[in-house]
Chemist: 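The following block contains the structure, expressed as structure tokens.
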Protein chains: 2
Amino acid sequence: MSQKTAKAINDACEIQFVDEKRVKSVRRVMKSAEAITALAETFKILGDPTRVKIAFALSKEELCVCDIANLLKVSQSAVSHSLRTLRQMKLVKFRKEGKIAYYTLDDEHINNLLDVGFRHVEELL
Amino acid sequence: MSQKTAKAINDACEIQFVDEKRVKSVRRVMKSAEAITALAETFKILGDPTRVKIAFALSKEELCVCDIANLLKVSQSAVSHSLRTLRQMKLVKFRKEGKIAYYTLDDEHINNLLDVGFRHVEELL
DNA sequence: TGCATATATGAACAGGCGTTCATATATTAA
DNA sequence: TTAATATATGAACGCCTGTTCATATATGCA
């Protein structure tokens with residue numbers, strides 16, 4: 001393995017080969033380490049059938065909690081818990097209109113993730 | 001929620017509102033339902049710190065098992081188990097040269113997934 | 001105010017999962 | 001063949017997580 005590769009990977013994962021002298025780059029290293037952690041977290045959250053279905057549904061249209069629950073035939077409670085998880089990782093956002101909460105995907109990146117993911121799995125089926 | 005949206009979501013998730021009469025589209029529905037399942041599975045597999053680090057490392061360079069283990073400071077056994085999981089979802093592939101197994105990402109889609117994922121998390125940090 | 005609706009949330013339980021440990025397989029060299 | 005190296009794998013243990021159930025909060029209507 002090349003030195004360059006080791007460094008690049010190390011920068012991102014904050015693992016082995018960290019040259020303690022590179023003080024100036026510590027911040028970047030830290031940030032990248034956080035990024036890898038956040039990346040895993042993001043994938044993990046989308047790695048649940050209920051949550052990915054919710055995300056897919058929201059990629060089509062803004063929906064309220066009870067619509068999602070009815071559509072997916074999942075209890076209101078389960079949907080609400082799932083939405084909180086999605087919200088915490090900034091995958092969805094919502095606006096409140098009276099007693100109804102309307103959810104949408106947080107940004108276009110999520111749509112992108114779903115698209116790229118679909119493109120991968122389509123070749124498996 | 002519009003009828004159109006309900007149909008689209010339903011087609012993909014195979015949930016509620018399925019019009020049993022649409023015999024001709026059953027196959028597409030099934031395929032999409034499988035796709036959603038496979039999509040969740042794919043995200044789930046990348047939703048583990050060790051595996052996403054491995055994927056990230058492999059996006060930089062082809063690596064053998066022991067290189068990965070050393071780089072990530074994870075036991076050889078854990079790496080091997082992780083690689084098997086990644087292999088089963090066709091996220092990585094390998095070639096064998098003597099007793100050494102060299103792993104790479106299976107295709108460009110995976111690189112894409114990592115990229116898009118990074119683009120999302122970078123805005124969170 | 002009282003009641004129904006929409007959503008959120010804490011507790012708890014069951015099932016799933018990643019690691020470790022021990023061991024098996026396979027290749028290479030002596 | 002024997003020893004060493006590289007990788008794979010099964011079993012098992014402890015942790016994590018998604019759901020359910022009960023309940024809380026909050027809004028709207030009568």
Chemist: Could you tell me from which nucleotide to which nucleotide of DNA chain D, 5' to 3', there is an atom under 4.0 Å from chain A heavy atoms?
Modeler: D:dT17 to D:dG28
Chemist: Can you name the side chain to side chain donor-acceptor pair (under 3.5 Å) partners of B:R119, sequence neighbours left out?
Modeler: none
Chemist: When the nearest nucleotide of DNA chain D is assigned to A:D48 and to B:Y103 on a heavy-atom basis, which residue is associated with the more 5' position?
Modeler: B:Y103
Chemist: Mind calculating the distance between NE2 (B:H81) and C1' (C:dG16) to the nearest angstrom?
Modeler: 16 Å
Chemist: Mind checking side chain to side chain donor-acceptor pair (under 3.5 Å) for B:R84 and listing every partner two or more places apart, or none if nothing turns up?
Modeler: none
Chemist: As an exercise, state the distance from CD1 of B:I54 to CG of B:L91, rounded to the nearest 0.5 Å.
Modeler: 11.0 Å
Chemist: Residues in side chain to side chain contact (heavy atoms under 4.5 Å, CB included) with B:T85, at least two apart?
Modeler: B:I45, B:R51
Chemist: Which value, rounded to the nearest 0.5 Å, describes the distance between B:T50 atom OG1 and B:I68 atom CD1?
Modeler: 11.5 Å
Chemist: Using a heavy-atom cut-off of 4.0 Å across all strands, would you classify A:A101 as base, sugar-phosphate, or nothing?
Modeler: sugar-phosphate
Chemist: Nearest 0.5 Å, what's the NE2-CD distance between A:H109 and B:E122?
Modeler: 9.0 Å
Chemist: Which residues satisfy the side chain to side chain contact (heavy atoms under 4.5 Å, CB included) test with A:Q76, sequence neighbours excluded?
Modeler: A:V65, A:S80
Chemist: Using a 4.0 Å cut-off on heavy atoms, which residues in residues 82-99 of chain A reach DNA chain C? List them by number, or say none.
Modeler: A:R84, A:R87, A:K99
Chemist: Mind calculating the distance between CD1 (B:I45) and P (C:dG16) to the nearest angstrom?
Modeler: 15 Å
Chemist: Under 4.0 Å between a side-chain N/O of B:S75 and OP1 or OP2 of C:dT20, yes or no?
Modeler: yes
Chemist: When we call it a touch if two heavy atoms are under 4.0 Å apart, what does A:Y102 touch: a base, just sugar-phosphate, or nothing?
Modeler: nothing
Chemist: Could you give all pairs that pass the ring-ring contact (aromatic ring centres under 6.0 Å, His included) test and reach residues 68-92 of chain A, with sequence neighbours left out?
Modeler: none
Chemist: For DNA chain C, just give me the dot-bracket, please: Watson-Crick or G-U, both distances below 3.5 Å, ( ) intra-strand, [ ] crossing earlier pairs, | paired with another strand, . unpaired.
Modeler: ||||||||||||||||||||||||||||||
Chemist: List for me each residue that meets salt bridge (charged side-chain N to carboxylate O under 4.0 Å, His left out) alongside A:E62, sequence neighbours excluded, and say none if there are none.
Modeler: A:R95
Chemist: Would you say the side chain of A:R87 lies within less than 4.5 Å of the side chain of A:D106, judging by non-hydrogen atoms?
Modeler: no
Chemist: Sequence neighbours excluded, which residues qualify as side chain to side chain contact (heavy atoms under 4.5 Å, CB included) partners of B:K99?
Modeler: none
